[in-house]
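Order of appearance sets the numbers: ligands from 1, and atoms from 1 within every ligand.
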Amino acid sequence: MNAELALDPDWIAMVQRYLVTIEPQRMMHYFTDVLIIGGGLAGLRAAHEIDPKLQTIVITKDRLEESNSSYAQGGIASVWDPEDRFDNHVQDTLTAGGSLCDPTVVSMVVQEAPERVAELMKWGTRFDASNGELVLGREGGHSHQRIIHALGDATGKEVMRAMMSHTRGLSNVQIWEATFTIDLLTHAGRCCGAVVSKQGSPPMLIWAKETILSTGGCGQVFRESTNPRVATGDGHAIAFRAGAKMRDMEFMQFHPTVLYIAGSSRTLITEAVRGDGAYLIDSTGYRFMSDYDSRLELAPRDVVSQSIVRQMEKTQSPCVYLMLKHLEPNYVRKRFPGIDAVCRSFGLDLTKDSIPVRPGAHYMVGGAAVDLQGRTSISGLWAAGEVTSSGLHGANRLASNSLLEGLVYGAAVGRGASASALQSQISTTVLPISSKINAHVPESIDITDIRNSVRSVMWRNVGVQRRADRLEDALQTTQHLASFVLAQSFDTVEGWELQNLLTVSLMMSTFALARNESRGVHLRVDFPDLDEANWCKHLTTTRK
Ligand SMILES: Cc1cc2nc3c(=O)[nH]c(=O)nc-3n(C[C@H](O)[C@H](O)[C@H](O)COP(=O)(O)OP(=O)(O)OC[C@H]3O[C@@H](n4cnc5c(N)ncnc54)[C@H](O)[C@@H]3O)c2cc1C
């Protein structure tokens, strides 16, 4: 069930339809059949489904290598072990999702998983294997060994290496790197391409018969995050401005174990470490998870994150610790070479020392609502991957289900967009779209400073533990910042990213304030219980 959320007219009035002035007669144009915005796993998987007769462009804001997909560590969930069953994977996903998963979607994704994994191997991905059999890992919330991984703890790197190499061989697909999508173009309720800035050039218009949005997540909204710098929620903001239905924007998953060393990048310590037997201890050396959940360190992520935050409060410490010294050292080093290297660079020995960790924003569950084929509410606009709300994750994502979602929905939107573009009678042409943004010169705006403020406010007030007064505070602060930042006419990626971060923050805080219960990754300390009677529903919103 969906409930439409009425947004505050004051902040909605600040969100302009387009971030830049659009005057087609003064701009460069490019025409294509299919436009794919985002070159992570979902976007590249989509590209493989496009009919070779159709001209396709994949655009990425940075280098193709920079995406959440490339940083994925743990792996891809798929029923592979003869002892495992689709029903088990379905049930584990539903259990993690807190009654909000769509069972049809879950069943479809789980059943397609082995086929999607097999094609990755066909396209050159080398998953970790022993004696010719895939090695299967286990992560929190999974009842069986079913996590397929590569390079030990660098699955995304290997999968993306193979996908990028395979995509570069597709003769109908061009890849435009360092091309920032500013907004989707819409005319008469249909999406017809995007306005982009290619390598810092003035905005140009790409006109497309079908457009696929696969821009990934928005972890950068928070000060503490596992996501790379590119994950600023551009796609969430772009879709919202274009009028797409947005759903479940309150559900941000926090990863429980992010390396916490002053001065280090916030490196994720994969769940597989706990799957292989690592303990969580607090600053006094006490193994505390039994105080919170009988599944101990293998409880779902939301439970572990919330338990860590409570234990940090109890012990008045800024972090807790992962401990692996009871595990076989050679195995640990071989299984987790990436984490071992990062720890060594900070003088820590993964096999002997306690590793300081705390939660960080990791995976955005909410996004543009899509149907089983990946259609959004805007005709001509498809979406796949972390930018969407497909119904797979409900209120909480089960570990290693998101690369899988990107593969399954990437294939679906590629198929759908390809079939529509082949049948399309629409010739790609310049349409009468125009927008005029008042050219305020942002002379006194310190973009970096405001970006840091937004991320700090969101971390403090819309983080792992939420309550009404804090959420209201976040809304007030972001609304104040938005009142002058969203009115500006920027001409840099940093400026547009800041506008997108603020737009996503406003949406997230509004949704989180509305949901007066605790469910999945959304913990309201002032409403600590699950409220099935009133809240077993999705919140949605659409900018009119
Ligand atoms: C550290 C880490 C570890 C993870 N480990 C796992 C794991 O083990 N298993 C698992 O299932 N999931 C994991 N995840 C989550 C998973 O990696 C992501 O959910 C998934 O890769 C998202 O894929 P995507 O294709 O939707 O987006 P991404 O891979 O993030 O790709 C987004 C693309 O969109 C482009 N883009 C964004 N904005 C714009 C713009 N304005 N203009 C143009 N291009 C734009 C980017 O350049 C990029 O090419 C992990 C995530 C992180 C951060």
Counting only nitrogen or oxygen atoms and a 3.5 angstrom limit, does [X] reach ligand 1?
| X | result |
| --- | --- |
| L41 | yes |
| G43 | no |
| T60 | no |

[X] touching ligand 1 at heavy-atom level, < 4.0 angstrom:
| X | result |
| --- | --- |
| G75 | yes |
| L268 | yes |
| S214 | yes |
| Q253 | no |
| H362 | yes |

CE (M28) with more than 12 external heavy atoms under 6.0 Å = no
Does ligand 1 have a heavy atom under 4.0 Å from the side chain of [X], from its backbone, from both, or from neither?
| X | result |
| --- | --- |
| A231 | neither |
| T215 | both |
| T179 | backbone |
| R397 | side chain |

For H144 and R138, indicate whether the former's side chain and the latter's backbone hold a donor-acceptor pair under 3.5 Å.
-> no
What atoms of ligand 1 come closer than 4.0 angstrom to any heavy atom of Y363?
-> 19 (O)
Decide if the gap between the ring center of F254 and the ring center of F222 is smaller than 6.0 angstrom.
-> yes
